[in-house]
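The sequence lines fix the lettering, A, B, ..., with proteins before strands; numbering per chain opens at 1.
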There are 2 protein chains.
Amino acid sequence: MAGGTPAHPGSGPAATLPAVAPRPTLRDVASAAGVHPATASRALNEATRDLVRPATVAKVRAVAKSLGYQVNPIARSLKTSRSETVGVLVPDLTNPLFPPIVRGVEDELGGSGYTVLTANTDNDPARTSANFAAMQARQVDGFIVLTALLEDPLMQDAAERGVPMVLVNRLTERLDVSAVAGDDASGIARTVDHLVELGHRDIAHVAGPLTVSTGVVRERAFRESMRRHGLRDDRVVVTDVYSEAAGRTAMLGLLDRDRPTAVVGGNDLLAIGCYDALEETGLSCPDDVSVTGFNDMPLMSRLRPPLTSVRVPQYELGVEAARLLLDRLSGRTVTPRVVLLPVTLVVRGSTAPPPRVGA
Amino acid sequence: MAGGTPAHPGSGPAATLPAVAPRPTLRDVASAAGVHPATASRALNEATRDLVRPATVAKVRAVAKSLGYQVNPIARSLKTSRSETVGVLVPDLTNPLFPPIVRGVEDELGGSGYTVLTANTDNDPARTSANFAAMQARQVDGFIVLTALLEDPLMQDAAERGVPMVLVNRLTERLDVSAVAGDDASGIARTVDHLVELGHRDIAHVAGPLTVSTGVVRERAFRESMRRHGLRDDRVVVTDVYSEAAGRTAMLGLLDRDRPTAVVGGNDLLAIGCYDALEETGLSCPDDVSVTGFNDMPLMSRLRPPLTSVRVPQYELGVEAARLLLDRLSGRTVTPRVVLLPVTLVVRGSTAPPPRVGA
DNA sequence: TACCAGGCTGCATTCGTTTGCAAGGACAGC
DNA sequence: GCTGTCCTTGCAAACGAATGCAGCCTGGTA
């Protein structure tokens, strides 16, 4: 495999560099084509190419291709203060929810020649702010933000300074920027409907952190749905982070008090935590307690039992966010838009009718 | 949520920009501190700060802080032709195997002030090559490559041109570059040992593509392990991509011929595909056929049944790769090193003794 | 034939930093 | 007291591309 023996036994460890041919510069192209660098620049640039005589354009382009010329994005950025780069702030790529979104962003943006800079913030405002600043220093043209807090001074401030950005999944209150998310409220409503139809009455909710929009929106939707069915809406445990551990703890707390027959998880990770708690206490899902998730991350259909969850079109979320940002960057659209993508409830093995009371 | 009503009802849609204060430049700092820009540059730069009188350094730094000065990485890159950025080439972030590795890379590199540029190649040489070139144009200082083919002209070429890079997980033959991977051979050996101990004799292998090192190394290790136990080593089906679909197809093929009592999957996705095939044909895992995976991706312990798999320290793989690259970039180390990290077999519910023949 | 208008192209500056070179000052040694 | 040597700092030229402005040439018109 790699590194067994050097490819070139003779050449020492990079002692004499093979005199790497320097990339041709615009000046090289110009002189080879017999024109001024300024002309070459205009000929190569799509926006200015019609300032140049067609014959000259052709010549310059031919020479550029034969020399293998590529613009130096660094130099261009310095001059134009743009970078054809957008920054993506994501809580944690290790959370299976995010990679599909990021891929959607990358694919869509890549198609328009943009490069993507990703950073993990671990929900830490300090890291978020540091990464944000670093990306701004690198002249990113805009941001795709998956980490927005409900009250987010950083984003608020950036938005007011006119920084182009699009929020994804997690939104912010009273903020005049474009955003795209799944229709969380309707997803929760469908979930509650489903459980009620199965016969459940004692339904609890393990809510995500109320510092992010997904947490409050889903929690509010849960309460409303329950009231709509004339059921108690106060069986809610709030967690402070979307994680399996938090879900487990919350569920143990619920089981300790009056055990519900069904639990609506704030997201899939919390639901998995509920599985853990049930297993520890010797209860069965779905025989004793039904559990539902949210997002329908990859592999959710293969859990034990397969998780009933709300499918959110993650990839499309990313694609749509990228589109909104592109619109904004191209100057076409200037008024912010909020897009809610439809979600669907996927019923699997983790939900079943409640156990018979008399049994 | 976002976009309900504008934060500033009065201000039109970004009609009059609030005259964003331009970032202070080095010149601003210099004149505010009463020194020449060159001096300011030296004072701010860690490497050159001892060329400047301590009192001057202090003054410049104070002024810089009060002005909120930050170097412009673009301008610096243009001058130094370095960028404090490294490129990461990954097949597909959506594959749960990779995010932990990438996070390891980001965390380690970020600690040294480097920024990470990620690109998905989808195992497509054309996309790989395009991304590679784009990153080089952006002056990345080095590469972390998770996409290497066993025979990889692109990487070969880059390595010979002296481009700093580290291969992760997938290695390349006869290539004199640093690399880090799990000890695949030993992982497979342990797996086969385990199955043999359980009593299996008819063991098959669903191998990954033989175009990447993981495919051939694991396949070779499988054959050797089988021979070591005096068993048939020719029950191997080779797939052309690591995916659930490929695993399913391969498994169906195996079941069609003489059914083995155990299958060693080339990785977890292939193993999951085997689950599918078994379920379709009405067979039970592990009662009829035992199945094992490789990598032990997140959630593997929660599958139905929980998957016996070889745990590879993914995050550490990324960290170690980043370290090797940092060493190379700092000029400390110049001779390539290949690091194999130890792996462990995690036994779960997908492996059991073979069914009784007479039964 | 002379003049004017456009269409193309060249010139020079600029973006913000880094860095080789040189000049200035201070201090010590003789 | 003069010269030599550091130690600091300033000067100016890059890095590679974009762009306002000016000038050239051509063609059309009076």
So for atom CZ, which belongs to A:R337, do other residues, nucleotides or ligands contribute more than 12 heavy atoms lying within a distance under 6.0 Å? no
Measuring only between side-chain heavy atoms, which start at C-beta, is B:L146 closer than 4.5 Å to B:V88? yes
Side chain to side chain, A:N120 and A:V90, heavy atoms closer than 4.5 Å: yes
According to the ring pair (Phe, Tyr, Trp, His ring centres under 6.0 Å) rule, which pairs have a member within residues 54-88 of chain B, sequence neighbours left out? none
Sequence neighbours left out, cut at 3.5 Å: what donor-acceptor pairs do the side chains of residues 31-45 of chain B make with other protein atoms?
unit_1 : atom_1 : unit_2 : atom_2 : d
B:S31  : OG     : B:R27  : O      : 3.4
B:S31  : OG     : B:D28  : O      : 3.2
B:H36  : ND1    : B:A38  : N      : 3.0

Are any of the side-chain heavy atoms of A:L150 and A:V212 separated by less than 4.5 Å? no
Is there a side-chain contact between B:Q139 and A:N72 in this structure, where contact means two heavy atoms from C-beta onward sitting under 4.5 Å apart? yes
Could you work out how much the helix from C:dT1-D:dA30 to C:dC30-D:dG1 bends, comparing the axis of its first five pairs with that of its last five, to 10°? 60°
Go through the structure and list residues passing salt bridge (Lys or Arg N to Asp or Glu O under 4.0 Å) with B:R138, not counting sequence neighbours. none
According to the salt bridge (charged side-chain N to carboxylate O under 4.0 Å, His left out) rule, which pairs have a member within residues 68-93 of chain A, sequence neighbours left out? A:D92-B:R103
My understanding is that only residues two or more places apart in sequence, or in another chain, count here; which of them pass salt bridge (Lys or Arg N to Asp or Glu O under 4.0 Å) with A:E106? none
Heavy-atom contacts under 4.0 Å between residues 64-87 of chain A and DNA chain C, which residues? A:L78, A:K79
Quick check: do A:L89 and A:M135 have side-chain heavy atoms less than 4.5 Å from each other? yes
At a heavy-atom distance below 4.0 Å, which nucleotide of DNA chain D is the first touched by chain A, and which is the last? D:dG16 to D:dG20
Answer yes or no: is there an ion pair linking A:R161 with A:D157, defined by an N-O contact shorter than 4.0 Å? yes
Proximity to DNA chain C (any heavy atom under 4.0 Å), residues of residues 31-58 of chain B only: B:A38, B:S41, B:R42, B:N45
Segment of DNA chain C, first to last nucleotide, that comes within the 4.0 Å heavy-atom reach of chain B: C:dG16 to C:dG20
Tell me every residue that passes side chain to side chain contact (heavy atoms under 4.5 Å, CB included) with A:A137, counting only those two or more places apart in sequence or in another chain. B:R23, B:Q70, B:P73
May I ask you to decide if B:E151's main-chain N or O and B:T172's side chain share a donor-acceptor pair within less than 3.5 Å? no
Tell me, which pairs form a ring pair (Phe, Tyr, Trp, His ring centres under 6.0 Å) where one or both residues lie in residues 111-133 of chain B, sequence neighbours left out? B:F132-B:F143
